[in-house]
Amino acid sequence: MVELSSGDGTGALGATLFAVIAWGDYADGIAARVTGQYSRLGALMDPVTDRLLVVSGVVVCWHFQLLPRWAIAVLALRELAMLALGRYGLKRGVELRINWPGRLAVAPVMSAFFFAMVGWRTVGESLLYIGLALALVATGLYVRDGARHLSRASSSA
């Protein structure tokens, strides 16, 4: 959290670190899909890594008011809900695949934090709204699919 020690939350070092971690996570996912590599640990850790990266962006942008706090709060609540729902689903044997709105939401959300940290607040804010809309659609689809899975499991038991 290099940016927390800055005066205004913007700066090249923190934004670059954030971008390198985000792109590294993205490249790792692409490489795994292209090469057909899969592991249960990787499937479980990738969403955790994504959430931690989002939380770091949330903390900096909230602290310095780089992006609208109401939108950051909605995103943070969504992330917490996804962690709780994921844990709930794992305990009940629910396996969900990443949906397209969820996959597409990652880039604008991560980019929003990056652009806010380099001082391009309007770009960051626009991307945050796009990413937030996609993330909320994805959450609805995850809840729907998880409920269907649980319903099928209980009716076959």
Side-chain angles (χ1 to χ4, degrees), residues 1-35 37 39 41-90 94 96-147:
M1 295 270 188
V2 174
E3 292 303 319
L4 284 178
S5 62
S6 72
D8 62 0
T10 62
L13 180 58
T16 301
L17 285 171
F18 186 87
V20 166
I21 294 167
W23 278 106
D25 180 53
Y26 182 74
D28 173 62
I30 295 290
R33 281 190 282 285
V34 168
T35 61
Q37 299 285 323
S39 74
L41 178 62
L44 292 172
M45 290 304 297
D46 186 62
V48 172
T49 303
D50 291 345
R51 300 295 170 286
L52 290 174
L53 188 58
V54 168
V55 166
S56 70
V58 163
V59 167
V60 170
C61 289
W62 182 277
H63 181 74
F64 293 105
Q65 297 184 31
L66 299 178
L67 294 169
R69 282 188 169 172
W70 72 265
I72 293 172
V74 170
L75 183 65
L77 288 173
R78 185 263 179 190
E79 296 300 322
L80 289 171
M82 289 302 296
L83 285 171
L85 288 170
R87 186 168 183 214
Y88 177 84
L90 279 173
V94 175
L96 297 177
R97 299 214 180 263
I98 296 173
N99 60 42
W100 275 104
R103 197 169 275 164
L104 294 173
V106 174
V109 167
M110 298 298 186
S111 298
F113 296 129
F114 170 78
F115 284 115
M117 284 187 241
V118 296
W120 293 11
R121 291 184 184 185
T122 302
V123 174
E125 189 172 336
S126 299
L127 288 168
L128 179 61
Y129 295 145
I130 292 166
L132 185 57
L134 288 166
L136 293 174
V137 168
T139 301
L141 294 173
Y142 289 132
V143 168
R144 181 200 68 191
D145 294 346

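Nothing here was measured: the structure is a model prediction, and the numbers come from that model.
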Non-hydrogen atoms of [X] and [Y] that approach each other most closely:
X: G57; Y: M117; answer: CA-CE, 4.2 Å
X: A116; Y: C61; answer: CB-SG, 3.9 Å
X: G124; Y: L67; answer: C-CD2, 3.6 Å
X: G102; Y: Y142; answer: CA-OH, 4.3 Å
X: A71; Y: L132; answer: O-CD2, 3.9 Å
X: G119; Y: T10; answer: N-CG2, 3.9 Å

Salt bridge (Lys or Arg N to Asp or Glu O under 4.0 Å) contacts touching residues 55-79 (sequence neighbours left out): R51-E79
Quick one: salt bridge (Lys or Arg N to Asp or Glu O under 4.0 Å) pairs with a partner in residues 99-125, sequence neighbours left out? none
Check whether any side-chain heavy atom of [X] sits under 4.5 Å from a side-chain heavy atom of [Y], and report yes or no.
X: L136; Y: V74; result: yes
X: L53; Y: S56; result: yes
X: L127; Y: F115; result: yes
X: F113; Y: L66; result: no

Which value, rounded to the nearest 0.5 Å, describes the distance between [X] atom [atom1] and [Y] atom [atom2]?
X: N99; Y: L141; atom1: CG; atom2: CG; result: 5.0 Å
X: L52; Y: I21; atom1: CG; atom2: CD1; result: 10.5 Å
X: L77; Y: I72; atom1: CG; atom2: CD1; result: 12.0 Å
X: W23; Y: I30; atom1: CH2; atom2: CD1; result: 9.0 Å

Determine the interplanar angle of the W70 and Y129 rings, folded into 0 to 90°, and report it as parallel if under 30°, tilted if 30 to 60°, perpendicular if over 60°. parallel
Kindly check if the number of other-residue, nucleotide or ligand heavy atoms within 6.0 Å of CZ (R33) is above 12? yes
Tell me whether W62 at atom CH2 has more than 12 heavy atoms from other residues, nucleotides or ligands lying less than 6.0 Å away. yes
W100 vs L134, side-chain contact (heavy atoms from CB on, under 4.5 Å): CA-CA, chis, key distance, verdict: CA-CA 9 Å; W100 275 104; L134 288 166; over 6 Å; no
Under the ring pair (Phe, Tyr, Trp, His ring centres under 6.0 Å) test, which residues partner Y88, sequence neighbours left out? none
